[in-house]
Amino acid sequence: MKTNVVFLLIDGLRYDQIHGDFKESFTPNIDSLIKKGTFFENSFACADGTILSLNTVFNSLFSCKTNNRARKIILNENNIFAILKKSGYSVFGLVPKMKIYDPLTKIFENDENVYDWIENNESLQTILSKKIIDLLNKTKDNSPRFTYLHLLDLHPLREGNAPKGIDKFYDEKFGKSDYAKTVSSIDFALGEIIKQIDLSNTLVIITSDHGERIPFENKRNTDFEPKFNTTKNIGKKILPKNTHSISGKILSKISNSIKEKKIKDNSVNLSSYQKRSRDPYFTLSLFDELLHVPLLFVGKGVTSKIQSNFIRHVDLYPTILDLLDLENTSKIDGKSFFPFTKNFEEELVSYLHTMPYEKPHTADSVGIRTEKYKYFRAVNSKNENVHLYDVKNDPFENNNIIKN
């Protein structure tokens, strides 16, 4: 009997809030799954954004081969879903209702395959948990099956918003930061979802597309910006309407100037890692807080183990096929790390690229990473924004060797 698969991707989930010495979140359900399965401590995304990361995962190709400037998910002919379908698997899924996910919804066999997290606030703490549980129960008779679930509960933090429906997690036992509290709320929901899955005949994979910033001392870039609310209100009352636009621009410049000075004054004694933690959420970055992601395999055919292997996103596709005993004849960049005790003879190298803005930007970066070192620079110039880190001995990337 073929093994069923549930692939659960938690958008924006960074490694250190699931495992390790710096964890603040309260995750008893994920902790329990880690004890039952194989958890990888050194798993890394190839990009700092969703689209390039998913293109890498689904095609087992680095983003330079699926379009570094892609604005939607790209599925090549021999993507993992196509291979699974050819091997007799039914493919189901539930993803956010957004255009970028349309290529996925076209291959899912369930009709109700999207949720509206933007307008209807469909998150795990509102209605999404129920939708996932309903999907898992409806498809139990379809075997073998592969189910892809994409969760966006952490994403509101990127827009500077507090996630809805997690009021009961605003207690310090669930973490000090908004990020940690949100992870705690996700874990609570996962506890109910996992109850619907028979781990004796199902392989569950939990990972992320990229990590996220957690502002040092919970102070974001915008928290240093003066609001001038009283000044604005008075100005609207006493100034002619035709001056509101220009006066608003002047006030904005003053506000930004004060903000930058406050940030500089409050960053004097901070490390490089702490300083960049306060960068605006959508700042392009190839630092490990945006790339270090959790990776857990639990269920059928998986033993209990913590692994320190260097694993890349591009390696997931061939590994999943190996676990399912399915043959892959496609030319791909990834290498299977199954069995999980495997040691690669050659040093693995990961190609890195920032998630692009709609137009080329000076912050666009390209690079490579091995288990020990990371190098990246500006996309359009080998001499700009150049970084080299000994990530083995400097895991927070505070010391740019190039500058020494």
Side-chain angles (χ1 to χ4, degrees), residues 10-27 44-45 47-50 53 123 151-167 169-187 208-228 252 255-294 354-355 357 363 365 385 387 389 391 394-400:
I10 305 171
D11 199 299
L13 180 63
R14 52 192 274 168
Y15 163 83
D16 64 2
Q17 287 307 305
I18 290 300
H19 192 260
D21 296 336
F22 299 97
K23 176 184 173 184
E24 292 182 2
S25 55
F26 180 66
T27 59
F44 292 87
D48 60 342
T50 299
S53 290
S123 64
L151 308 182
L152 275 186
D153 285 57
L154 283 163
H155 214 280
L157 296 172
R158 277 206 155 195
E159 282 79 39
N161 300 320
K164 303 294 185 182
I166 67 166
D167 296 357
F169 294 93
Y170 274 89
D171 186 295
E172 198 156 294
K173 71 178 182 179
F174 296 114
K176 295 179 181 178
S177 68
D178 291 345
Y179 185 96
K181 291 178 172 67
T182 307
V183 173
S184 300
S185 74
I186 292 171
D187 178 83
S208 177
D209 49 351
H210 56 80
E212 190 53 275
R213 295 172 177 82
I214 300 179
F216 180 65
E217 294 180 335
N218 216 23
K219 293 181 180 179
R220 298 180 299 132
N221 182 282
T222 54
D223 291 330
F224 293 94
E225 184 176 339
K227 305 304 178 185
F228 292 135
S252 178
S255 176
N256 284 330
S257 177
I258 293 173
K259 179 185 72 174
E260 294 305 319
K261 186 178 187 308
K262 282 186 176 181
I263 291 173
K264 185 177 180 180
D265 291 344
N266 280 270
S267 300
V268 174
N269 297 316
L270 301 188
S271 67
S272 296
Y273 167 76
Q274 292 168 336
K275 289 177 183 177
R276 64 179 184 263
S277 76
R278 290 175 173 172
D279 285 345
Y281 281 120
F282 287 97
T283 302
L284 302 180
S285 171
L286 290 179
F287 288 102
D288 274 358
E289 54 265 28
L290 273 294
L291 302 184
H292 195 182
V293 296
T354 50
M355 187 71 196
Y357 294 129
S365 297
N385 192 28
H387 295 258
Y389 295 95
V391 289
D394 179 24
F396 291 100
E397 297 164 291
N398 284 316
N399 180 28
N400 184 1

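Remember, it's a predicted structure, so these values are computed and weren't measured experimentally.
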What pair of heavy atoms forms the shortest contact from [X] to [Y], and how long is it?
X: Ser277; Y: Ile214; value: CB-O, 3.5 Å
X: Ser208; Y: Gly12; value: OG-N, 3.4 Å
X: Asn398; Y: Ser272; value: OD1-N, 3.2 Å
X: Ser184; Y: Phe26; value: OG-N, 2.9 Å
X: Ser25; Y: Ala180; value: CB-O, 3.4 Å
X: Ser285; Y: Asp48; value: N-OD2, 2.8 Å

Practice task
Return the set of residues passing side-chain hydrogen bond (donor to acceptor under 3.5 Å, both in side chains) with Asp209 (not counting sequence neighbours), or none when no residue passes.
Solution key: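 With neighbours one apart ignored, the set is Thr50.
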[X] side, atom [atom1]; [Y] side, atom [atom2] - distance, nearest 0.5 Å:
X: Glu212; Y: His155; atom1: CD; atom2: NE2; value: 8.0 Å
X: Ile10; Y: Gln17; atom1: CD1; atom2: CD; value: 12.5 Å
X: Leu291; Y: Phe44; atom1: CG; atom2: CZ; value: 8.0 Å
X: Lys181; Y: Asp167; atom1: NZ; atom2: CG; value: 12.0 Å
X: Thr182; Y: Phe169; atom1: OG1; atom2: CZ; value: 10.0 Å
X: Tyr281; Y: Arg213; atom1: OH; atom2: CZ; value: 9.0 Å

Could you check whether any side-chain heavy atom of [X] comes within less than 4.5 Å of a side-chain heavy atom of [Y], counting everything from C-beta outward?
X: Leu13; Y: His210; result: no
X: Glu397; Y: Arg276; result: yes
X: Asp178; Y: Tyr170; result: yes
X: Pro215; Y: Ser177; result: no

Practice task
Return the orientation label for the Phe22 and Phe396 ring planes: parallel under 30°, perpendicular over 60°, tilted otherwise.
Solution key: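 Geometry flag for Phe396 against Phe22: perpendicular rings.
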Problem - Partners meeting salt bridge (Lys or Arg N to Asp or Glu O under 4.0 Å) with Arg278 (sequence neighbours left out) - result: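 Checked Arg278 against salt bridge (Lys or Arg N to Asp or Glu O under 4.0 Å); matches are Glu217.
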Practice task
Assess the side chains of Asn385 and Ser365: does a donor N or O sit below 3.5 Å from an acceptor N or O?
Solution key: yes
Exercise for the section: Could you note down all residue pairs passing salt bridge (charged side-chain N to carboxylate O under 4.0 Å, His left out) where residues 12-22 supplies at least one of them, sequence neighbours left out? Expected result: Arg14-Asp16
Problem - Centroid separation Phe287 to Tyr389 less than 6.0 Å - result: yes
